[in-house]
A.B. asks: 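Below is a structure I'd like to ask you about.
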Amino acid sequence: MAKDYSNLAKQIVNLVGIDNIQTVTHCQTRLRFVVKDRKKIDDKAIEELDLVKGVFFGSGQYQVIIGTGVVNDVYEAIDKLGTVNAIYGKDEVADEEEADDNTNKTKLQRFMAMLSGIFIPIIPVIAATGLFLGLQSAFTNAQVLKLFGAVPADIPTNVNTVISVLTGTVFSFLPALIVWSTFRYFKGTPIVGIVIGLMLVSPTLPNAYDVAGGSAKAIMLFNHIPVIGSQGSVLTALVAGFIGAKMEIYFHKHVPNVLDQIITPFLTMLLTFGIMILGVGPIVHWIENLMVSGVEGVINLPFGIGGFLIGAAYPLMVLVGIHQMMIAIETSLLAATHLNPLIVLEAMYGFANLGVALAMIMRSKSKKAKATFVGAFSSQLFGVSEPTLFGILIRYNFKPLIVTVLTSGFGAAVLSIFKVAANSYGLAVVPSYLMYIYNARDLIIYTIVSLLTIVVAFVATNMFAIPKDILVEDKTSHKENVKDNTVYSPIDGQTVALSEVKDPVFSSGMMGQGIAITPISTTNKVNIYAPQTGKLTVVADTGHAYGLTTDNGTEILVHIGIDTVSLNGKGFTTNVKLNQEVQKGDLLGTFDPKVILDKKLDDTVMVIITNSKDYLRVESQPDEQVSNDKSIIALQEKEPAVNAQPVLQN
């Protein structure tokens, strides 16, 4: 039975803020929110949710890291809620400007978002093809077959033909997939895009590889214009997809409705194909070849300098979210040379992460921290780096990140000196070895260097990057033996069940259990009193919220009104300061219900036990008149004494 992620979806959406979310999409490992105000999001609350491995804001997106596979299910649950604009996987969006709002992004961020949106949908089939290629190389390798007393010539031709369908289809029709995905990204009709892509690689046209190899000649259109297929040309497919999608949108707006269904796709396919084969295609392909040559030139710099630069830069590219552009370059390399030396250098990032995480696991005395490190290490084994990146590398003063950057660079430098290359891409860390089994030499060198990278990162982390925090055992919190306690009303009013509050963050209980109170007065200022004796851990600058921790560990949040932070302190006064010790009944501040109600906001006061999970029971009674000396919440410890019962005191 499929697991239900609807509750997690609601929690994430509510914590990010329904009204704060412009759009949400996802990649292989994380949810990506375009939000109006990043400052409104409580990172800590989201990180504490089950399955959430961390959060990060980059490339103009608020990113919630969940992990491969599960993120798809959580996204689907968010989509089903229907409360926010979920755009990934949809061919059409009602409001194009709202769905693709890039006004707050730099040009580079918009470009990276475009590459991400185009390539992410096709990565799974490319990764699968890489695995097919690796297995084919293993099982048809002469040395492997020799173990069974066979040679490659013993494999029947028809078997090789069938295998080639598995290994060759994606790369043969890759331009068609890219045009389809580009159409989809730019809100064109995807089926029109895939037909244009198939035209570019039509078997009727001379194959680009055959023309380059001299076994075929280009068609000379009008005796002057050479026409060939676009096999393996990633940039050509991207340009064709962009031109075609924009052209189709234009025709939809200008062609009469009665003719739109026929004329628009006719003109889009005709003109896009014509533009690409009559000059734009060859020019773009020439530019792409220059780019490939440039990347190869960097990789082949002497003494491994190029390898070090790429290997050291890649972790930083992942951190800021611009690593997606490497996919396009790798695809072009494979198409042009049938080898991919770039992913070899990038791969050392994953192995360096393993060494860092392993050192953290071995040295950590904190059980909670160790659990995080073990999870990050396990994910990294199969190429999911976000838990390590956000849970370790940038969490502890960036020292672990520096270790990863340097060791990744040195490992990549060695591999570039030996000119190791993969025969595909899409596989990382443990599965990545399958990309080298086609060549025994490269497999041996890659294996040795990758293991040495882990060792060097492990040693360097132990020497320079172990944070002091994890070297201390978890303290036995006094919250594990919380005594019964009573919380008193901070205002005079009428109690209301928390589930009735018109704010899902509070009513769902995700902030903790408690009670709400509606003020008696709606015209005069209302005094807010300390609900217990303790230390103030939160005093909002706007005066709308107070947090208090009692001596025996009860964490109490007093939140005045709903969305009252938008008032920027208007109608509120504060009489206390952060970290101040207060006694039960001390005046914390005041608020004016009239100011809140005039702005059509809710003036209900919420009293929440934010560490409710530390208690066996949290009891409250709705529909009662209360004053600031009235008990409103009773708490019972996890292991209550015999006959001990929580009592609501008058």
Side-chain angles (χ1 to χ4, degrees), residues 42 45 479 482-521 525-540 542-565 572 574-576 580 582-591 593 596 601-615 617-636 646-650:
D42 186 345
K479 298 174 188 176
V482 177
K483 297 179 180 179
D484 293 348
N485 204 351
T486 301
V487 178
Y488 296 86
S489 177
I491 66 169
D492 298 337
Q494 178 86 14
T495 59
V496 178
L498 201 61
S499 59
E500 301 298 320
V501 173
K502 297 177 182 178
D503 186 329
V505 174
F506 294 110
S507 62
S508 66
M510 70 175 66
M511 293 292 294
Q513 300 178 54
I515 192 79
I517 309 167
T518 56
I520 293 176
S521 174
K525 287 188 176 181
V526 176
N527 290 333
I528 311 159
Y529 299 97
Q532 255 296 356
T533 297
K535 183 178 181 179
L536 290 170
T537 55
V538 174
V539 178
T542 53
H544 77 288
Y546 299 87
L548 182 146
T549 300
T550 68
D551 293 339
N552 58 9
T554 307
E555 297 173 3
I556 307 168
L557 172 68
V558 178
H559 193 285
I560 300 104
I562 297 173
D563 294 330
T564 46
V565 67
F572 293 86
T574 303
N575 291 23
V576 291
Q580 181 177 329
V582 295
Q583 300 295 314
K584 179 182 77 69
D586 284 355
L587 182 65
L588 302 181
T590 66
F591 71 94
I596 297 174
L601 299 174
D602 193 328
D603 65 346
T604 302
V605 175
M606 278 67 66
V607 182
I608 309 295
I609 308 303
T610 56
N611 62 332
S612 298
K613 61 184 179 181
D614 293 327
Y615 293 89
R617 298 166 68 184
V618 177
E619 293 189 3
S620 59
Q621 184 65 46
D623 302 320
E624 283 192 344
Q625 289 285 339
V626 294
S627 59
N628 70 287
D629 61 349
K630 170 79 172 182
S631 170
I632 57 171
I633 299 175
L635 307 170
Q636 187 178 43
V647 178
L648 288 173
Q649 301 175 3
N650 293 321

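Along the sequence shown, residues are numbered consecutively beginning with 1.
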A.B. asks: Just by distance, do the side chain of S612 and the backbone of Q513 share a donor-acceptor pair under 3.5 Å?
C.D. replies: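 Yes: the side chain of S612 pairs with the backbone of Q513.
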
A.B. asks: Measure from the side-chain N and O atoms of T604 to the backbone N and O of I517, and report whether any donor-acceptor pair falls under 3.5 Å.
C.D. replies: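 Here the side-chain-to-backbone pair does not exist.
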
A.B. asks: If you look at every heavy atom in I515 and V496, which pair is closest and at what distance?
C.D. replies: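 Closest approach of I515 to V496: CD1-O, 3.4 Å.
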
A.B. asks: Would you find a donor on one side and an acceptor on the other, under 3.5 Å apart, between the side chain of D602 and the backbone of K502?
C.D. replies: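 Here the side-chain-to-backbone pair does not exist.
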
A.B. asks: So, for G543 and I560, which heavy atoms are closest and what is the spacing to 0.1 Å?
C.D. replies: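 Scanning both residues completely, I find the closest heavy atoms to be O-CD1, 3.9 Å.
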
A.B. asks: Do any N or O atoms from the side chain of T495 and from the backbone of E624 form a donor-acceptor pair under 3.5 angstrom?
C.D. replies: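 Yes.
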
A.B. asks: Say whether, by atom type as modelled, one donor and one acceptor occur between the side chain of T554 and the main chain of T550 under 3.5 angstrom.
C.D. replies: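 The answer is no, because no donor-acceptor pair under 3.5 Å joins these two groups.
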
A.B. asks: Can you give me the closest heavy-atom contact between P531 and V558, atom names plus distance?
C.D. replies: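 The pair with the smallest heavy-atom distance is CG-CG2, 4.0 Å.
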
A.B. asks: To the nearest 0.5 Å, what is the distance between CD1 (I528) and OG1 (T590)?
C.D. replies: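 Answer rounded to 0.5 Å: 6.5 Å.
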
A.B. asks: Between the side chain of Q532 and the main-chain N/O of Y488, is any donor-acceptor distance below 3.5 Å?
C.D. replies: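 Not at all, since once roles are kept as given, no pair shorter than 3.5 Å links the two residues.
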
A.B. asks: How many angstroms lie between CG in D603 and NE2 in H544, if you round to the nearest 0.5 Å?
C.D. replies: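 If we round to the nearest 0.5 Å, D603:CG and H544:NE2 are 14.5 Å apart.
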
A.B. asks: By side-chain hydrogen bond (donor to acceptor under 3.5 Å, both in side chains), which residues pair with D586, not counting sequence neighbours?
C.D. replies: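 D586 satisfies side-chain hydrogen bond (donor to acceptor under 3.5 Å, both in side chains) with no other residue.
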
A.B. asks: Taking all non-hydrogen atoms of both residues, which atom of F591 and which atom of P519 are closest, and how far apart?
C.D. replies: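 Heavy atoms of F591 and P519 come nearest at CZ-CG, 3.8 Å.
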
A.B. asks: Could you tell me whether a side-chain N or O of S489 sits under 3.5 Å from a main-chain N or O of I632, the two making a donor and an acceptor?
C.D. replies: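 A pair under 3.5 Å: no.
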
A.B. asks: Between T533 (side chain) and K584 (backbone), is there a donor-acceptor pair under 3.5 Å?
C.D. replies: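 Between the backbone of K584 and the side chain of T533 there is a qualifying donor-acceptor contact (under 3.5 Å).
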
A.B. asks: L557 vs M606, test: side-chain contact (heavy atoms from CB on, under 4.5 Å). Steps then yes/no.
C.D. replies: CA-CA 8 Å; L557 172 68; M606 278 67 66; over 6 Å; no

